[in-house]
Amino acid sequence: MTRFSLTIFFLLVVLISFGQVRTGKDSLPVNPPGMKVTLLGTGTPPPIMERFGPSILVQAGSETLLFDAGRGCLQRLRQINVSYAKITALFLTHLHSDHIVGLSDLWLTGWLVSERTMPLNVFGPTGTDEMIAHLQKAFSYDVNIRTEDDKRLKKEGGKLLAREIEQGVVYEKNGVKVIAFKVDHGIVKPAFGYRIEYNGHSVVLSGDTRYSENLIEYARGTDLLIHEVVIAPDTLSKSDPKYHIVALHTTPEQAAKVFNEVKPKLAAYSHIAKPYGNTEQEILNRTKASYSGPLVMGEDLMSFSINDTISVNNWQNK
Ligand SMILES: [Zn+2]
Ligand SMILES: [Zn+2]
């Protein structure tokens, strides 16, 4: 290489490097003022196509937070082009299987296809440490063999880091605060709901709960309250074989009472339990009999943009 071509070569290297730095800076995400909340799955244990397992995505600034990992959460993330590699943390409300059965798929398939390089932090109630340790043991054959066989995969990206939480602030990063609070899910103790705050805005997720005074305290004045619901006939007796399901959840009438106390800018239903075949319209009608504020029936991939106003977007291309 002549001296001239060497000079040109170094000039090019400098220019390209400079260009990359600039591109990097230019492509830094501009933090939007509000938050985006997407219902990935609005269902309960029955495996139906219309409502996947419970899972909610909250995007605020540079944070991409996932709450519960029900059946199909990875497919739903794929539908909205959010890669597993982008999830900054996963929070579990409780350890009922419908809320965690998608975790292994999210973790393992997500690692494989997104080439995540960092471990995933999993926050959850007592029992989370043990569950994550067992999961990692159960899938160790796959993780080890893939790490050895596929040099693209980073070992660190195939790890889960469990953190058991108590009521209070459990996460604070890049202007986003996540507060866990206890809810009342019968014998499932503790079970948590979450309040997520960012830039003067907030969303509250009920998790699975019966009518809960503690939820009302933590949710008061929030922009968006996403609450679970169960509907059963008025005449239901305690001897009914499905009574225990209803006893663990919140009826439309009880939810109306919660909404009247909390006064959210918008209330939305998710984790919609209809063990007796009632319709969504019946849930809305029975709620609206005693609550007149804004309310929507959640659907899979429905999203909410929370700014000074809240906009609701339905997914059209399922
Ligand atoms: Zn559930
Ligand atoms: Zn539950």
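Just so you know, ligand 1 is whichever comes first in the structure, and atom 1 is the first atom listed for that ligand. Just so we're clear, the structure is a prediction, and the values are computed from it rather than from any experiment.
Residue side and main chain included, Asp98 places no N/O/S atom under 2.8 Å of the Zn ion (ligand 2). When distances to the Zn ion (ligand 2) are checked against a cut-off of 2.8 Å, His94 contributes an N, O or S atom below that limit. Not one N, O or S atom of His96 sits under 2.8 Å from the Zn ion (ligand 1).
Taking 4.0 Å as the cut-off between side-chain N and carboxylate O, Arg152 and Asp150 count as a salt-bridged pair. Ion pairing between Glu261 and Arg220 holds under the 4.0 Å rule for side-chain N and carboxylate O. Ion pairing between a basic and an acidic side chain is recognised when a charged N comes within 4.0 Å of a carboxylate O; Arg51 and Glu280 show such pairing.
Heavy-atom neighbours of Glu166 CD from other residues, nucleotides or ligands within 6.0 Å: at or below the threshold of 12. By the 6.0 Å contact criterion, CD1 on Ile187 is open, its count of non-hydrogen atoms from other residues, nucleotides or ligands being 12 or less.
Sorting the N, O or S atoms of His99 by how far they are from the Zn ion (ligand 1) puts NE2 first. The nearest N/O/S atom of Asp208 to the Zn ion (ligand 1) is OD2.
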